[in-house]
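Remember, it's a predicted structure, so these values are computed and weren't measured experimentally. Note: hydrogens, waters and symmetry copies are ignored here, and every other heavy atom, side chains too, is used. Just follow the structure's listing: the first ligand is 1, and inside any ligand the first atom is 1.
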Amino acid sequence: MARYELVKRSVALITLTNPPVNALSSAVRHAIAKSMECALSDPKVTAVVICGENGSFCGGADIREFAGPLKGPPLVPLLDAIEAGEKPVVAAIEGVALGGGFELALVCHYRIAHSKARLGLPEVTLGILPAAGGTQRLPRLIGISAALELITTGRHISAQEALKLGIVDQVTEQNACEVAVEFALRAVAKPLLSRRVSMPCKPREIRSAAVMGIKRECLHGHEQDLGMVPSLGTMGRGIAVCLARVGISVIAVESENKLLETGRQMVIGMLERDAKRRGVSASLNLLKFTISLQDLKDVNLVIEAVFEDMALKKRVFQELSKVCRPATLFCTNTSGLDVDALAGVTDRPHLVVGMHFFSPAHVMKLLEVVCGPRSSSETIATAMSLGKRMGKVRVAVGNCPGFVGNRMLKPYIDQATFLLEEGDFGFAMGVFRMSDLAGLDVGWRVWKESGLTGSDVDPENPPRRRQGRRYCPIPDMVCEKGRFGQKTGRGWYMYDKRGGTNAKPDPLIQILLETYRSKYGIQPHNISNQEIIERCLFALANEGFRILEDGIAARPEDIDVIYLFGYGFPRHRGGPMFYASMVGLERVLERLEHYHQAHPDVPHLKPSPLLKKLVACGSPPVQKWREHIKTMHSHL
Ligand SMILES: CCC[C@H](O)CC(=O)SCCNC(=O)CCNC(=O)[C@H](O)C(C)(C)COP(=O)([O-])OP(=O)([O-])OC[C@H]1O[C@@H](n2cnc3c(N)ncnc32)[C@H](O)[C@@H]1OP(=O)([O-])[O-]
């Protein structure tokens, strides 16, 4: 029922022989157990390959034995023992690996599939669930949502899809068994721990990383030849410094020699100042600067920090897929773009993750690690552990526009814009100062991309409303005047120079406001500090409740950490969610209801269902909110 032979002098080849589909009958299970015992105890054997006779790996539990009592060794402990063994086991999958056959492949440390192979967990079609570890191992390998889809539909997938999902390590057109034997020989010296799918996920050790950025100016004109245009922008420089100062070798990518030299000097200067301050020597020998993407072929990980433009980022990842080794992790430093859409253009979606650094990256503590639906647990664990090594406060978040921090910022800024006043709440800076610092053009571009403003939008039809809700066009008007904030020396405030930080009220903004109000017949009235605080901060927390409901953040404390470390939320207030609990959820709900009634065209003021639910449950303390949240993100 299984043939055992030694090939290439050191590989134990176990061939299942139970026609027609090598199902796991009691005799087959018995033969596998005996063969594994031989392989693990024979010192000549350094690796094992399991395959099936006649071009079929294994069709699963033997349906013909379903009616009778269980005989022979049970499958689960047998599979656990294969996974736990100290010699690498490679599955050579030809034909089918279904049900228990797929589960057998999942306990092997590596999986090689023939291009025509099909894999799946069809148990649901028989009215049962996978019972030999598939429901546990598959989600660990490819994430809950992808695994759940396969388990609940029973769908068979092709070898190519299995490769994309990260289920198999290699697809071959040749004899899968022969390829697997060669693969097994190469796997002999490698550590097995991270290959055991059922074991807790271990992060990879990152020794070398590449950081690449593209300046906005490079967006147009050169885009056809991406290999030539990468350039180390502000974020890229900060990230390179963070990596080098913790002992990781860094290749920083620039687009041309002139930019390369400027970038090199800036990074070296930053590292030297940092080392002096800390009383250590600067790790300059870890840095390499290049204008060739080919130099990235051997790095463990790439952090892409190009200009925030989806088309551009996609092209970068397509190029990286061609250049880098298949095992290289790809991280995108984006402040809100769809990480999964980027993963989708690569040849390794499971190795793609978001790393949202905050500017300046070598100073700001916060790092949002954005888990795409296809990011593998190992990829996320590696990004989290790399962030830890870089001294960051890491928060794993889900993938949605703006993730956690920037998604919550939108209703907060909206309220401030509607009010056009500053609150005095103890924030490191008010909304308008913060917007000037971040750059007003950033939000303007996002609004244009989402069709809220721009040349295609008629601002008067209807006025002050867009996409069925209230819209304040004043920020657009400020941007149209070329006032992008501190970097242009003018924004909501005026500054002594470009890049200056000394903000003064600008009479021109006052004139703009007055003209605007008179055009639309708006009678300005006094707004109390209390209303300013309530509308801004309760809208902020309200979005936080929605984020919890959507499973984008795992717990309210994570949201608070993001706001404390990334957005200057006053420490003594504990973060927006803790603040809401201190004010009292009932009060927050009552005020939001009040403001939503007064402004029914502002959906962000509508109390979230989770807030209502928590109030209905007697307003439990923050640490108990999790018990009331239905949606849990697979990776958080
Ligand atoms: C602890 C348990 C854990 C586990 O989670 C539970 C399971 O694995 S549940 C199991 C999960 N697995 C499944 O649900 C797989 C169900 N099987 C299939 O989907 C298709 O048969 C397969 C795709 C394999 C081949 O399709 P195709 O090329 O169109 O060919 P075909 O359809 O004409 O079949 C050819 C011959 O193979 C025979 N046979 C097939 N499977 C088994 C089996 N498991 N056993 C025995 N025999 C099996 C079939 O009866 C037929 O025999 P015959 O004497 O010539 O009449």
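Residue, atom and distance of the protein heavy atom nearest to atom 46 (C) of ligand 1 are D62 OD1, 3.3 Å. Among all non-hydrogen protein atoms, the one lying nearest atom 36 (C) of ligand 1 is P20 CG, 3.4 Å. The nearest heavy-atom contact from the protein to atom 23 (C) of ligand 1 is L98 CD1, 3.8 Å. Shortest contact from atom 45 (N) of ligand 1 to any protein heavy atom: I63 N, 3.0 Å. Nearest protein heavy-atom neighbour of atom 12 (N) of ligand 1: G59 O, 2.9 Å.
Contact atoms of ligand 1 toward G60: 8 (O) (distance under 4.0 Å to a heavy atom of the residue). Heavy-atom contacts of A131 reach the following atoms of ligand 1: 3 (C), 5 (O) (cutoff under 4.0 Å). Near A61, the atoms of ligand 1 lying under 4.0 angstrom from a non-hydrogen atom of the residue are 6 (C), 7 (C), 8 (O), 10 (C), 43 (C), 44 (N), 45 (N). Counting the atoms of ligand 1 from 1 in the order shown, those under 4.0 Å from a heavy atom of G100 are 4 (C), 7 (C), 8 (O). Listed by number with element, the atoms of ligand 1 under 4.0 angstrom from any heavy atom of P122 are 12 (N), 13 (C), 14 (O). Listed by atom number, the atoms of ligand 1 under 4.0 Å from E103 heavy atoms are 3 (C), 4 (C), 5 (O). Ligand-side atoms of ligand 1 in range of P130: 5 (O), range being under 4.0 angstrom from any heavy atom.
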Q | side-chain hydrogen bond (donor to acceptor under 3.5 Å, both in side chains) between T332 and E304, intermediate numbers included | A | CA-CA 5 Å; T332 172; E304 162 279 306; 2.5 Å; yes
Q | CA sep, side-chain torsions, deciding dist, call: D80, R137, salt bridge (charged side-chain N to carboxylate O under 4.0 Å, His left out) | A | CA-CA 11 Å; D80 288 350; R137 288 192 175 92; 2.8 Å; yes
**Q.** Test salt bridge (charged side-chain N to carboxylate O under 4.0 Å, His left out) applied to E149 and R155, step by step
**A.** CA-CA 8 Å; E149 194 266 330; R155 184 167 75 82; 3.1 Å; yes
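In this structure, R394 does not pair ionically with D558, as no charged nitrogen and carboxylate oxygen lie closer than 4.0 Å.
Counting only heavy atoms from C-beta outward, the side chains of I142 and L150 approach each other to under 4.5 Å.
Annotation: G99 places no N or O atom under 3.5 Å from an N or O atom of ligand 1; distance criterion only.
Protein heavy atoms are absent from the 4.0 Å sphere centred on atom 33 (O) of ligand 1.
The residue among L126, V76, L129, V21 with a heavy atom at the shortest distance from atom 10 (C) of ligand 1 is L126. Atom 5 (O) of ligand 1 has its nearest heavy-atom neighbour, among R29, R118, E123, in E123.
With E378 as the fixed residue, the salt bridge (Lys or Arg N to Asp or Glu O under 4.0 Å) test singles out one of R196, R204, R348, R140: R204. When each of L301, L320, I303 is tested with F330 by the rule side-chain contact (heavy atoms from CB on, under 4.5 Å), just one qualifies, namely L320.
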